[in-house]
Every structure is written in C-alpha cells, then in structure tokens.
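The block underneath contains the structure these notes are about, expressed in structure tokens.
As a basis for the values below, the full set of heavy atoms in this structure was taken, side chains included, without hydrogen atoms, waters or symmetry mates. Proteins get letters first, then strands, A, B, ... in listed order; numbering begins at 1 in each.
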There are 2 protein chains.
Amino acid sequence: MDLVSQTKCFGGSIEVYSHASIACQSPMKFSIYLPPQAKARSLPVLYFLSGLTCTEENFMAKAGAQQFAAKYGLILVAPDTSPRNTGIAGEDEDWDFGTGAGFYVDATAEPWSQHYRMYSYIVDELPELIGENFPVLRDRQSITGHSMGGHGALICALQNPDRYRSVSAFAPICAPIQCQWGQKAFSNYLGANQNDWRSYDASELVRVGQFPGSILIDQGSEDKFLANQLLPTVFQQACADVGQSLNLRIQPGYDHSYYFIASFIEDHIRFHAEML
Amino acid sequence: MDLVSQTKCFGGSIEVYSHASIACQSPMKFSIYLPPQAKARSLPVLYFLSGLTCTEENFMAKAGAQQFAAKYGLILVAPDTSPRNTGIAGEDEDWDFGTGAGFYVDATAEPWSQHYRMYSYIVDELPELIGENFPVLRDRQSITGHSMGGHGALICALQNPDRYRSVSAFAPICAPIQCQWGQKAFSNYLGANQNDWRSYDASELVRVGQFPGSILIDQGSEDKFLANQLLPTVFQQACADVGQSLNLRIQPGYDHSYYFIASFIEDHIRFHAEML
C-alpha cells in the first residue's frame with residue numbers, strides 16, 4: 001500500500017493510498033479521513049461510494065464531510081469508482097460505462113470480468129485492507145454513497161446485512177434494471193440474461209431480504225436524473241410491499257450535485273454514528 | 001448580467017453570473033451565495049478572492065463556506081481570478097501569470113493594461129454590480145482570500161479602509177515585491193520600476209496607512225510556499241513597526257490546500273460577521 005498524499009483537515013488527516021487490488025487485478029486508489037480521535041483509539045468506519053466519473057477525491061474535496069466525521073468520531077473511506085487503465089478496449093470511451101463507472105458489480109462477461117469486480121472489492125477486499133492498516137473497529141462499519149454509489153451502498157448493505165450497521169444514500173440509482181444507465185452497465189458487465197442482474201438491483205434485492213434497520217435516502221426534487229435514471233419511487237414501493245423501513249426524503253429545490261450532498265451530509269453522518 | 005447556473009445549497013442559492021466588465025473590457029464571471037435569510041432582507045457581503053489558477057468555482061465547491069454563511073447571515077461573492085480569452089498573446093502560457101493570475105492589480109504595461117484591471121474590478125465595479133442586483137447592505141462589506149487572493153484582500157482593504165469593515169486572509173502572498181510570483185507578475189503588469197509596485201504590496205502599504213481593526217491571517221506550517229512565496233513574517237514585522245493590529249495564526253500541520261481553508265473558514269466568517 002503506497003501513500004499518495006496526506007493532508008491535514010479539521011485536525012485529522014486525509015490520506016490517499018494506492019494498492020494492488022486482488023479483486024480487480026489492478027492498482028486501486030482510495031482516500032481515508034482519520035479524525036483527530038483516531039490518534040487515541042479505534043473508531044467505526046463509514047464507507048462512501050461515489051457516482052459516475054468520480055475518483056477517490058470528489059467526496060473528500062466537495063462534500064464537507066470531514067468536520068462532521070471529526071464531530072461524531074468516524075473514519076471515512078472513499079474508494080475510486082472503477083479500476084483504471086486496465087488495457088480493456090473501449091474502457092475510456094463512455095462517461096457512463098467502463099472507467100469511472102464500475103457500478104459496484106462483479107462483471108461476469110468478457111472482456112470486463114477480469115478487472116471490473118468492484119462488488120468484491122468494496123464488500124470484501126477493501127474492509128480487510130482498512131482493518132489491517134488503520135485503527136478501525138472491524139465489526140462497526142456502515143455504508144453510504146451518491147447516485148451510482150448510492151446504488152452501490154444499497155446493494156452492498158442488502159446483500160450483507162450482517163456486515164453493515166446502517167445504510168443511507170444520496171440520490172441513488174434505485175432500480176438499475178429499469179433505467180438506461182443500469183441497463184447499459186449490466187448488459188455489458190453481466191451479459192444479456194436479466195435474471196443475473198437482480199442481485200445488483202436494490203428494488204429487487206429488498207424483496208428477497210430486508211435490511212434490519214431503517215434506510216435513509218435523500219433525493220433532490222430538481223435532480224435532472226430523478227425521473228429517468230434514479231426512480232426512488234420504485235424502491236419506495238418495493239420497501240412498502242415487504243415492510244422494509246425507509247426514510248425517503250424529497251428535498252425541495254436540490255439538484256444532483258455535491259452542493260446537495262454537502263447540505264445533508266451531517267444528517268447522514270449523524271444517522272450512521274447513532275447506529276455505530 | 002447572464003445567469004450561468006443556480007444551485008440550492010444549505011437552504012440558499014449558489015448562482016454563477018457572466019457579465020461584460022467595464023474595468024476589464026471583457027466578459028467576467030463571479031459566483032454568489034445567497035443564504036436563506038436573503039429572501040427576507042438585505043445582508044452584509046463577504047468577498048472571497050481566490051488564488052492562482054482558480055476560477056469563480058473553487059471556493060464555492062471546496063471551502064464548505066455556505067453552511068457558515070447561512071449560520072451567520074452573510075452573502076458570499078467569489079469572483080474569477082482574471083479576465084480570460086482576451087486574445088493577448090501568451091496569456092495562457094504560464095500557470096502563475098496571465099489567465100487565472102490577475103494578481104488583483106490594474107496593469108499599466110502593454111499588452112496587459114487594457115484588460116488586466118482586476119483591482120478596479122474588485123474594488124469598484126463588482127461591488128457596484130452586486131449592490132444593484134442583489135439584496136446587500138452596501139455599506140457593510142468585508143474581504144478575504146487565499147494565497148494570491150489573500151494578497152488581493154489585504155491590498156484592497158489597506159488601500160480602502162473606508163470601504164471594508166474587516167479583512168482576513170488564508171496563506172496570503174504577504175510581500176509580493178520580495179517573492180518570485182510577485183516579481184514576475186508585477187514586472188509584467190506594472191513595468192520595471194519597482195516604485196510602482198508598492199501600492200500593491202501589503203507589507204509596503206501597511207507602512208503608509210493602517211487598517212482600523214485587527215487583521216486575521218491563518219497560515220499552515222506545512223505550506224510548501226510558506227518560506228519562498230508567502231513571507232508572512234515580513235508582513236508581521238511591518239505591522240509591528242507601525243502598530244497595525246494583526247492576528248497571525250500559524251496552524252501546525254496544515255498545507256496550502258482548500259482542506260486548510262475548509263478547516264478554518266468558520267473562524268473567518270465569524271470574524272467578519274462580528275464586524276459586519
């Protein structure tokens with residue numbers, strides 16, 4: 001694990017690391033914020049999964065989360081959104097597929113299946129790496145994310161309710177099977193059989209098994225992707241059908257940007273801190 | 001004045017405008033944050049001048065200032081750091097001169113003197129424009145900035161103590177005549193006669209006339225530009241010599257980044273709010 005950069009922020013330390021990922025068979029980067037309390041004791045961890053085109057930097061630079069991680073005593077981890085420079089033909093051609101758009105699935109279709117295994121990376125490899133190298137309480141972790149990363153947070157938590165104490169999301173892609181972003185990604189990463197897509201769709205997963213705790217989702221009413229790509233009401237209906245507790249807050253006037261995330265990140269960090 | 005974008009943040013509105021600047025004979029952009037209180041009444045204004053390579057976006061996206069502007073009831077204005085695309089040969093060649101590096105001076109030397117008049121833009125034109133178009137209390141404005149913009153804030157306030165209620169800076173270029181960044185900019189914008197540079201150097205200006213109130217400066221101890229470009233101790237000595245009240249805080253472990261600004265922006269906004 002190589003230290004790429006280290007920057008002091010709100011009394012703690014933002015650190016970026018690069019490491020050889022086993023899951024992705026590729027170098028991967030992540031950023032971590034260690035609040036001041038981490039010098040004295042082990043702390044819970046909140047993972048933040050970013051959206052399309054993002055790297056490990058966006059959340060740290062734009063969400064204003066560090067002050068609240070310091071206030072509530074959480075470590076933040078923000079991984080990159082895909083492997084990069086794998087040499088797969090076409091991986092850099094689209095902004096919504098390939099590089100920067102791993103969709104938090106384990107690809108099974110060629111040519112993506114060797115490297116694009118973000119699900120295993122996020123759920124298994126990264127927590128193990130964080131646990132070995134930083135002062136974290138391994139059994140106290142939660143997950144959140146934005147847009148594609150909100151989808152990622154939901155599916156990781158719904159598939160592994162024993163591993164995450166709580167889950168929330170900002171403007172998540174709630175029903176990827178039913179939107180163009182998801183259909184494009186899943187058909188390429190997972191192949192044409194839509195039955196294979198279900199385990200990566202929150203609105204399908206919640207019908208199979210619920211999360212033992214309320215799910216918090218914030219969604220801006222003026223988000224230009226709301227009606228066609230994000231589809232929170234599909235997830236809301238699925239939750240209602242099976243009795244999954246959900247707090248879906250439609251925030252009037254807010255869009256899809258990090259300014260929206262920044263406006264509500266304290267609510268999410270407090271929500272997770274109470275569960276952690 | 002054309003609205004470029006409008007984004008809700010912490011209950012208020014971040015708006016970016018483009019307008020034809022008279023001072024710069026060029027289109028100029030600025031961003032403004034109107035906190036929720038601005039819907040009901042006029043508010044004081046805090047100007048933030050950004051550093052080398054920045055645009056009107058960096059401060060809004062990375063400093064996390066909006067929550068505190070909403071908390072303390074201030075409007076924030078962040079102008080661009082230079083005119084752009086003026087057609088002057090070489091303006092895009094260097095990162096520390098020309099585009100993104102207006103240095104908040106009125107250029108007098110060719111070919112810069114027609115467009116690079118950021119001092120007049122910041123001190124005269126922009127406040128007039130803001131006063132005409134937004135709910136601001138025209139006689140209640142203050143100024144701050146970062147690096148080159150910290151230099152800008154100091155010289156604007158020291159030259160116009162009647163126009164600004166308070167001034168602060170993050171890691172300002174304190175003695176541009178004595179550092180390479182300043183010498184390069186001033187020799188090109190102002191010509192070879194160093195006597196003409198003094199009215200744009202805070203450490204010289206403070207010897208001519210003081211600001212009626214304490215100046216707040218935060219400076220990271222691990223800032224890589226501290227020893228060669230920023231020179232806060234030169235300004236500190238000048239202030240001591242003439243009795244200018246100065247609160248220069250060396251913040252241990254912090255660097256030159258927006259993570260440093262974010263860590264202390266509440267202190268600065270509170271400092272200005274108390275004066276406004």
Side-chain angles (χ1 to χ4, degrees), chain A residues 4-16 31-36 39 54 56-71 76 78 170-171 218-224 226 249-267 269-270, chain B residues 4-16 31-36 39 54 56-71 76 78 170-171 218-224 226 249-267 269-270:
Chain A
V4 176
S5 68
Q6 185 171 26
T7 310
K8 193 168 179 181
C9 188
F10 284 97
S13 181
I14 300 168
E15 298 172 6
V16 178
S31 60
I32 184 168
Y33 176 65
L34 300 158
K39 289 166 197 149
C54 287
E56 74 289 344
E57 185 184 5
N58 301 64
F59 172 70
M60 289 293 172
K62 295 186 167 183
Q66 294 86 353
Q67 63 182 300
F68 303 117
K71 181 176 174 181
L76 302 173
F170 298 86
D218 274 321
Q219 172 63 58
S221 71
E222 303 309 305
D223 186 325
K224 66 181 175 183
L226 172 55
R249 310 192 303 186
I250 303 298
Q251 301 289 359
Y254 286 89
D255 68 10
H256 199 66
S257 69
Y258 268 88
Y259 294 123
F260 157 64
I261 300 174
S263 300
F264 299 101
I265 191 71
E266 183 176 13
D267 286 358
I269 289 177
R270 191 192 311 111
Chain B
V4 176
S5 68
Q6 186 171 26
T7 308
K8 192 167 179 181
C9 188
F10 285 98
S13 180
I14 300 167
E15 299 172 5
V16 177
S31 60
I32 184 168
Y33 177 65
L34 300 158
K39 290 167 197 152
C54 288
E56 74 288 343
E57 185 185 6
N58 301 63
F59 172 71
M60 290 292 173
K62 294 186 168 183
Q66 293 88 352
Q67 63 182 300
F68 303 117
K71 180 176 174 182
L76 302 173
F170 297 85
D218 274 321
Q219 171 63 58
S221 71
E222 303 308 304
D223 186 326
K224 66 182 175 183
L226 173 54
R249 309 192 304 185
I250 303 298
Q251 301 289 0
Y254 286 89
D255 67 10
H256 198 66
S257 69
Y258 268 88
Y259 295 122
F260 157 64
I261 299 174
S263 300
F264 299 102
I265 191 70
E266 183 176 13
D267 286 358
I269 288 178
R270 191 192 310 113

Query raised in the report: A:Ile14 versus chain B, heavy atoms under 4.5 Å apart: side chain, backbone, both or neither?
Result: side chain

Query raised in the report: Counting heavy atoms not belonging to A:Glu15, are there more than 12 under 6.0 Å from its CD?
Result: yes

Query raised in the report: Okay, side chain of B:Lys8, backbone of A:Pro252: is any donor-acceptor separation there less than 3.5 Å?
Result: yes

**Report entry** Side-chain donor or acceptor of B:Tyr254 paired with backbone N/O of A:Gly11 under 3.5 Å
**Finding:** yes

Report summary line: Greatest number of non-hydrogen atom pairs under 4.5 angstrom with chain B, of A:Gly64, A:Ser13, A:Ser263, falls to A:Ser263

Report summary line: Between A:Ala262 and B:Phe10 the two heavy atoms that sit nearest each other are O-CZ, 3.0 Å

Requested in this report: Evaluate whether atom NZ of B:Lys39 has more than 12 neighbouring non-hydrogen atoms of other residues, nucleotides or ligands under 6.0 angstrom away.
Outcome: yes

**Report entry** Interatomic distance, B:His256 atom NE2 to A:Thr7 atom OG1 [nearest 0.5 angstrom]
**Finding:** 13.0 Å

Report summary line: On a heavy-atom basis, the closest approach of B:Met60 and A:Tyr259 is O-CE2, 3.1 Å

Requested in this report: Answer yes or no: are there more than 12 heavy-atom neighbours, outside A:Glu266 itself, under 6.0 Å from its atom CD?
Outcome: yes

Query raised in the report: Which atoms of A:Gln66 come close to chain B, meaning under 4.5 Å heavy atom to heavy atom: side chain ones, backbone ones, both, or neither?
Result: side chain

